[in-house]
Amino acid sequence: MARIVGSIMSTHVPSIAGAMSRHAEGEPYWKPFFDGYEPVRAWLDEVRPDVAVVVHNDHGLNFFLDKMPTFAVGCAPQYLHADEGWGIPEVEPFPGDPQLSWHLVESLIGEEFDLTTCQEMLVDHAVTNPMQLCWPDPDDRAAIRIVPVTVNTVMFPYPSARRCYALGEAIGRAITSYDAEEDLKVVLMGTGGLSHQLEGRRAGFINKEFDLRFLESLTEEPAWATQYSGEDLVRLTGSQGVELLMWLTARAALLGGARKVTSNYHIPISNTAAGTVVLEPAA
Ligand code: DHB
Ligand code: FE
């Protein structure tokens, strides 16, 4: 039997890892951001998940513009990080859970999601940063298996918000139908966002009003953002703000409704409106 214990949504700005390696969490710039993870860690200490299904967008470390799957699932026994050019420390490999990965793949392809399956997969800051934020101790990270799921938000056309929501619901069904020997506790993670744009004339663009509306929608009105197209989301949240599609996917997996455990919103971390949310199943 497997059950979803909750969904963690988290920004994944690379400089967070730099701050952690310099032990700068208490500095005035960083404190309001890192303080948002204390309740996340306390919650994780209580629920103690075995596996994290990490919905993220690869930024060019694993997939490049020559080959860009819309959705991909990692099926590897472990996932390596590598130098991404951000000057952040490389993180140790993350253990995988190939059996759960293949169950997800079979279930999702059975529901007509045409996925790419990856028996080797590098993971970038979109996985490593939220993992480090949630489990700062490398020994704790080594005890959590991961199943990485990627959603393309780096090269047009993106999957629609509606499709990402449907993917999240299908992930929810796949996990709850998994016949594990142990009582497997699975946490969903959705990484990226909130509003930000790193390049071009609108570099530095942040839309606090939209972010707060989106944050509010996650608990009671989770499909709210599915009204927007990829182009709408770029206009409203910036060219990288579309990473909120990962949040939407992770939220949609909580099929029976959600209850908010904690949330934090802080502007800016680097060029990004930084958001952190934990949701639990309502029932
Ligand atoms: C930043 C944000 C991101 O989501 C990312 O992938 C890289 C950099 C930033 O704000 O610096
Ligand atoms: Fe990003």
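The basis for the numbers below is simple: all heavy atoms, side chains too, and nothing from hydrogens, waters or symmetry mates. Source: prediction; values computed, not measured. For ligands, and for the atoms within them, numbers begin at 1 and follow the listed sequence.
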**Asked** Is Q240 near ligand 1, meaning one of its heavy atoms is under 4.0 Å from it?
**Response** no

**Message:** Assess whether a salt bridge exists between K260 and E220, defined as any Lys/Arg side-chain N lying under 4.0 Å from an Asp/Glu carboxylate O.
**Reply:** no

**Which N, O or S atom of E243 lies nearest to the Fe ion (ligand 2), by name** = OE2

**Message:** Looking only at side-chain N and O atoms, does N57 offer a donor or acceptor that is under 3.5 Å from a partner on H59?
**Reply:** yes

**Presence of N, O or S from H125 under 2.8 Å of the Fe ion (ligand 2)** = no

**Asked** With atoms numbered from 1 as shown, which atoms in ligand 1 lie under 4.0 angstrom from a non-hydrogen atom of H59?
**Response** 6 (O)

**Asked** To which protein heavy atom is atom 10 (O) of ligand 1 closest, and what is the distance rounded to 0.1 Å?
**Response** T272 OG1, 2.7 Å

**Complete:** In H59, the N/O/S atom nearest the Fe ion (ligand 2) carries the name NE2

**Item:** Check: N271 N/O within less than 3.5 Å of ligand 1 N/O
**Value:** yes

**Winner among G193, S270, P268 once heavy atoms are compared against atom 11 (O) of ligand 1** = S270

**Asked** Taking atom types as modelled, is there a side-chain donor on Y37 or S10 under 3.5 Å from an acceptor on the other?
**Response** yes

**Item:** Donor-acceptor pair, side chain of R145 and main chain of P77, under 3.5 angstrom
**Value:** no

**Asked** Does R163 make a cation-pi contact with Y158, if we ask for NZ or CZ under 6.0 Å from the ring centre and within 45° of the axis?
**Response** no

**Complete:** From the list N271, D211, T272, N207, side-chain hydrogen bond (donor to acceptor under 3.5 Å, both in side chains) partner of S195 resolves to D211

**Prompt:** By number and element, which atoms of ligand 1 are closer than 4.0 Å to a non-hydrogen atom of W86?
**Reply:** 7 (C), 8 (C)

**Request:** For P14, counting its heavy atoms only, list the atoms of ligand 1 lying under 4.0 Å from any of them.
**Result:** 1 (C), 5 (C), 7 (C), 8 (C)

**Prompt:** Where does L198 meet ligand 1, judged by heavy-atom distances below 4.0 Å: at the side chain, the backbone, both, or neither?
**Reply:** side chain

**Request:** Would you mind checking which non-hydrogen protein atom is closest to atom 5 (C) of ligand 1, with the distance to 0.1 Å?
**Result:** H125 NE2, 3.4 Å

**Request:** Find out whether M155 and F63 are in side-chain contact, i.e. whether some heavy atom of one side chain is under 4.5 Å from a heavy atom of the other.
**Result:** no

**Prompt:** Is any side-chain heavy atom of H81 closer than 4.5 Å to a side-chain heavy atom of V127?
**Reply:** no

**Validation row, ring centre Y228 to ring centre F210 under 6.0 Å** = yes

**Request:** Look at atom 3 (C) of ligand 1 and say which protein heavy atom is nearest, naming residue and atom and giving the distance to 0.1 Å.
**Result:** H196 NE2, 3.3 Å

**Request:** Check whether any heavy atom of G192 sits under 4.0 Å from an atom of ligand 1.
**Result:** no

